[in-house]
Protein chains: 2
Amino acid sequence: MERTLTENETAADAAGGVDAPGAAGGAGAAAGGALYRRVAADLREAITTGAYGETGRLPAEGALAERYGVSRGTVRQALAVLRADGLVTSRRGTRRVVLGNARVQSFSELLSFTHWARSMGEEPGGRLESLVRRPADAAEREHLRLPPGSEVYVTLRLRTLSGTPVMCERTVYPPHVGILVAQLPPDVVSHTEQLREHGILFTDADHTIDVVAANAEDAKLLGCRRGAPLLRERRRTTDPTGRPVEWSQDRYLPGTVAFSVHNSLATSALSRHARESD
Amino acid sequence: MERTLTENETAADAAGGVDAPGAAGGAGAAAGGALYRRVAADLREAITTGAYGETGRLPAEGALAERYGVSRGTVRQALAVLRADGLVTSRRGTRRVVLGNARVQSFSELLSFTHWARSMGEEPGGRLESLVRRPADAAEREHLRLPPGSEVYVTLRLRTLSGTPVMCERTVYPPHVGILVAQLPPDVVSHTEQLREHGILFTDADHTIDVVAANAEDAKLLGCRRGAPLLRERRRTTDPTGRPVEWSQDRYLPGTVAFSVHNSLATSALSRHARESD
DNA sequence: GAGTGGTCTAGACCACACG
DNA sequence: GTGTGGTCTAGACCACTCT
């Protein structure tokens with residue numbers, strides 16, 4: 001039973017018509033990107049739609065390979081994606097089992113407050129409180145891998161959802177990014193989007209999550225008391241080259257957000273630390 | 001230039017002598033597990049030791065394949081592990097680049113307070129405050145995938161590091177696990193370890209991290225004021241079958257822990273949510 | 001013993017980065 | 001243009017689960 005992958009889709013999950021792998025061997029990709037991504041997208045939809053039940057078993061790899069008209073290796077590549085997302089299990093000897101309806105966010109929704117807000121149907125807002133250029137301190141040089149004597153651009157922004165303040169964001173940019181940020185109009189909603197259009201790409205990020213007490217500035221901006229608890233997310237983002245492009249610290253009012261992570265024996269991107277490594 | 005993988009190692013990172021893939025084709029594994037894991041472990045050490053510099057480039061896949069006497073596919077499998085850990089980049093057209101010294105924790109260190117404490121050289125402590133068996137409420141049945149009318153076992157434990165209280169842990173177990181927990185001596189340090197010896201395996205986990213205010217019970221146990229902020233981690237863990245084995249809620253005193261996550265365009269296990277999904 | 005996923009090999013072509 | 005990683009194929013054997 002051959003199955004044709006459906007057309008269309010937003011972006012990374014795109015799918016293009018597939019009839020046969022064409023002249024074999026080749027990339028096979030035509031419209032929607034890699035073949036395995038289209039297979040993964042199709043399976044993801046089938047799973048979240050409940051086609052295999054809440055805790056059902058998937059067809060065998062061989063069966064899927066035949067259904068989609070691809071090799072077993074390609075099917076495995078597709079399934080690896082779903083497994084990393086925590087959607088299915090995988091163990092030797094038995095069919096894969098549906099784990100849950102993991103709602104995974106795209107990378108850009110994670111990095112961009114604006115994308116995130118819009119994906120929830122909320123109206124994102126932002127006000128630039130300050131932007132300064134100054135010499136980087138030791139910690140900043142460390143995080144951004146800058147040589148001694150480097151300067152950085154530092155922004156402070158208040159972020160709102162539908163008008164309500166929820167987070168304040170302090171971001172340190174290396175010179176080659178900061179110079180672009182400094183040229184943006186002060187009322188730009190999404191810095192991330194603008195930077196992307198200027199060729200600054202975000203591909204990897206390290207996040208650290210903990211609790212801190214609001215300082216005087218936080219309190220003033222967010223409208224809470226000094227010393228009130230805030231959920232803090234610190235993040236270092238790098239471009240495809242591995243060069244740091246951002247070192248940011250976000251402080252959320254309690255009750256406005258929660259962070260979710262999935263991991264498994266095979267894939268563990270999460271860790272727990274004792275003290276502040278600042 | 002052929003390179004022999006070094007012997008031994010703790011467990012999952014183990015390495016065994018390799019001369020040639022033996023009769024080819026086969027699993028090739030003899031002592032330390034899969035071939036690609038041994039290659040990954042060797043490369044991991046080389047990288048964290050600084051053999052390629054802080055931001056250096058790795059040899060090409062083909063070169064590594066020759067060095068280790070394996071196929072390119074196996075090398076790629078090894079590199080995929082390192083990439084998921086955030087240790088190296090990977091983009092078409094150029095060599096991989098060292099990203100950072102990501103200190104990744106093993107899965108068990110993440111799930112077990114005891115393992116975690118010991119890996120830091122601290123002395124873990126635990127006191128069982130209560131253990132009750134009662135009918136599961138709707139939320140608990142949902143998380144543990146239990147049918148109506150099921151019972152659950154609920155534990156409350158205070159956790160200490162070197163004698164200092166840092167966290168209180170409320171765990172809900174499904175019947176088949178709870179019945180084992182109930183039989184453990186009240187002074188057992190690690191429930192996780194004991195359960196593993198009884199054949200209960202942990203392979204997948206979903207974590208949600210946010211901030212909550214201490215209730216009366218938290219305050220009494222942790223020695224803080226009522227309403228004081230706590231870092232909360234909720235976690236649903238499943239076994240290889242996909243069956244939930246634990247639904248836990250840990251509340252940490254501020255300043256005692258931080259959680260770190262790595263993600264990338266290719267691998268995103270992290271997400272950010274608006275409200276409590278409880 | 002049959003079925004299924006895990007691992008490994010060998011070869012191929014393509015897309016992209018960089019000189 | 002050359003080198004590099006990304007994708008795909010085809011075939012093989014092994015380890016494990018389950019009946």
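Only this structure's heavy atoms are used, side chains among them; waters, hydrogens and symmetry mates stay out. Naming: A, B, ... by sequence-line order, numbering from 1 per chain.
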side-chain contact (heavy atoms from CB on, under 4.5 Å) involving A:Arg57 - partner list, sequence neighbours excluded:
A:Arg95, A:Val97
Produce the list of close N/O pairs, under 3.5 Å, pairing protein atoms with atoms of nucleotides 16-19 of chain D; give distances to one decimal.
none

Which residues satisfy the side chain to side chain donor-acceptor pair (under 3.5 Å) test with A:Ser108, sequence neighbours excluded?
A:Ser106, A:His115
Heavy atoms under 4.0 Å, any strand shown: does A:Arg76 hit a base, just sugar-phosphate, or nothing?
base
Non-neighbouring partners of A:Ser112 that pass side chain to side chain donor-acceptor pair (under 3.5 Å), sequence neighbours left out:
none
Whole-Å distance between C:dG5 C1' and A:Leu82 CG?
15 Å
Taking the six-membered ring for Trp, are B:Tyr173 and B:His191 parallel (under 30°), tilted (30 to 60°) or perpendicular (over 60°)?
tilted
By the salt bridge (charged side-chain N to carboxylate O under 4.0 Å, His left out) test, which pairs, at least two apart or in different chains, include something from residues 81-90 of chain A?
A:Arg44-A:Asp85
Could you tell me whether the side chain of A:Arg72 has a donor or acceptor atom within less than 3.5 Å of a complementary atom in the base of D:dG11?
no
Side chain of B:Tyr36: nearest nucleotide among C:dG6, C:dC8, C:dT4?
C:dC8
Can you figure out which of D:dT7, C:dT4, C:dG6 approaches the side chain of A:Arg95 most closely?
C:dT4
Measure from the side chain of B:Glu61, starting at C-beta and using heavy atoms only, and say which of D:dG5, C:dT7, C:dT4 lies closest.
D:dG5
Test of understanding: with side chain to side chain donor-acceptor pair (under 3.5 Å), list the residues that count as partners of A:Glu142, not counting sequence neighbours.
none
